[in-house]
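Computed from a predicted model, the values in this text were never measured in an experiment. Every chain is numbered from 1 and lettered A, B, ... according to where its sequence line falls, protein lines coming before strand lines.
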Amino acid sequence: MLDIRLIRNDSQAVKDGLARRGESTDVIDRLVDLDSQLRQLTGERDSLRAEIRRVSNEVGQMFRDNNREAATELQEMSRQLGAEEHALDDKADALETELRSALLRVPNLPAIDCPDGASENDNVVVRTENFDADSYGDHQKVPHWEIGEALGILDVERAVRMSGSMFVMYRKMGATLARALCQLALDRNADLYEEVRPPTLVKTSTLEATGHLPKFAEEAYQIERDDLWTIPTAEVPLTSLARDEILSESDLPMRFCAHTSCFRREAGSAGKDTRGLLRVHEFDKVEILAYSTPEQASAMHAEILGRAEAIISELGLAYRVLDLCAGDIGNSAARTFDIEVYAPGADKWLEVSSVSWFSDYQARRANLRYRSSDGKGTTILHTLNGSALAVPRVWAAIVETYRQPDGAIRIPELLLPYMRGATEITAP
RNA sequence: GGAGAGGUGCCGGAGUCCGGUCGAACGGGCCUCCCUGCUAAGGAGGUGUGGGUUCGCCCACCGUGGGUUCGAAUCCCACCCUCUCCGCCA
């Protein structure tokens, strides 16, 4: 959520930011108008309340003085003031609701150094590592859904039978590999990032805090009976971890790491890059997230990107880092770097991590504040996060990249400690 | 799910029966200053959040939302949460 005071005082800057995203700026004029009306109204209402309070105290005093007649007169006057106050209050409430719901739908402003651009075609490739298109043999140019079936480690057919399309099931060493990836990601970050296992079912307000609601309700699974939602990412519970709390500046940055299932309806993407593990409704992911001061944010962003990148790199996979343009960053983000891994069998670059800085956009929604070490008062903190490792696509890239001429999968060295002694996955 | 108890500031805890100057006694903590070779003890003052502001102040918040009333932490209704016991269960 943007600061209403920024919209009030510098609406042009806000419009410019939204324009960089290719968003309409009409809503800003409406917000400025609503805000001004609301302040006018609440000002009047508060004066009335002050008057009612003053009069009521007088009434009390008169009763104590046994001056009943005068008291009754004042009571009548206060009753009328009360009716006026009530009417103003209703108006103010309606305005406030309207203002808030409009404000919740305004996306974050892109960072100054976020590249310009209208769509994913304008994203900037910052670097490409470990990639040589000619280095892949024919044995590596087999898509993981074929490899997985041949080795009996990926069972799409039965998963679809029990849950529907875009659900998958890992089996045997395939399941072990999926779990190994999670454990690797958790262990690698445990030096600085507190391991958390949060709930995967959350309230509406929790999904609102990250910006997933109200705009993207279609993307999440909802359990209406209990008014709960499944999380699309651990970013959601982790962002709300210290919701409504006031932290100390000396506590920052705070770093968290969580492995959870993630659920995405992927509405509208049926048939689009959905084969095998390319896009699934339920998957495992290890997320890393930080709360920081505004001053620490830039360094934290680099740290999280570095950590996400290092795992992919050390797993021996080819990847590239993209600096997303203003037209392609997510609703809540101010700046985002994507890591895409190359899958030689599918011959695609697969997004495996989105490392974002959200400035104070999510923190304002979640009411995450800190008290600065010197001065008084509180400041909204900043949030940042990224996938340390998203299982399905990394699993796919490993299976394709590490496929040997004989059809077996060699296990990357980094994963050996987690594979119960196996060094390769072979046909049954 | 059932029964009982309870939700007040950083913490403990009073106020709720009998509505009024209560954003809130008292104690602890914390901060500043004084005293003091140092420390401890002692003394004085300060110490919630958010919004508005003509920068004087004003308003809101005592679990949440409604209601009654001139006036609600206090009365009424609904809901949520916590604790204890019972039931159920991994």
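- The side chain of H86(A) sits closest to G67(B) out of G67(B), C59(B), G20(B).
- Both distances falling under 3.5 Å, in either a Watson-Crick or a G-U wobble arrangement, place G45(B) opposite C31(B).
- Taking the six-membered ring for Trp, F337(A) and H301(A) have ring centres closer than 6.0 Å.
- When Watson-Crick and G-U wobble pairs are counted only if both distances are under 3.5 Å, C57(B) pairs with G52(B).
- Ranking C70(B), G52(B), G51(B) by closeness to the R39(A) side chain, first place goes to G52(B).
- Pairing for A25(B) is absent, with no Watson-Crick or G-U wobble pair whose two atom distances lie under 3.5 Å.
- The shortest distance between the side-chain N/O atoms of R53(A) and the OP1/OP2 oxygens of A60(B) is below 4.0 Å.
- Residue T378(A) places its side chain closer to U49(B) than to any other of G51(B), U49(B), C59(B).
- Nucleotide C79(B): paired with G63(B) (Watson-Crick or G-U wobble, both distances less than 3.5 Å).
- A3(B) and U84(B) make up a base pair, with Watson-Crick or G-U wobble contacts both under 3.5 Å.
- Here the side chain of R49(A) is nearest to one of U49(B), A60(B), G51(B), namely A60(B).
- Nearest nucleotide to the side chain of S56(A), out of G52(B), G50(B), G71(B): G71(B).
- Across A24(B) and U82(B), the matching C1' atoms stand 23 Å from one another, rounded to whole Å.
- Look at R369(A) and you'll find a side-chain N or O under 4.0 angstrom from OP1 or OP2 of G50(B).
- Interatomic distance, R105(A) CZ to L103(A) CG, rounded to the nearest 0.5 Å: 12.0 Å.
- A perpendicular orientation is assigned to the rings of H144(A) and W395(A), their planes being inclined by more than 60° (bins at 30° and 60°).
- Comparing C31(B) with C10(B), their C1' atoms sit 13 Å apart, to the nearest whole Å.
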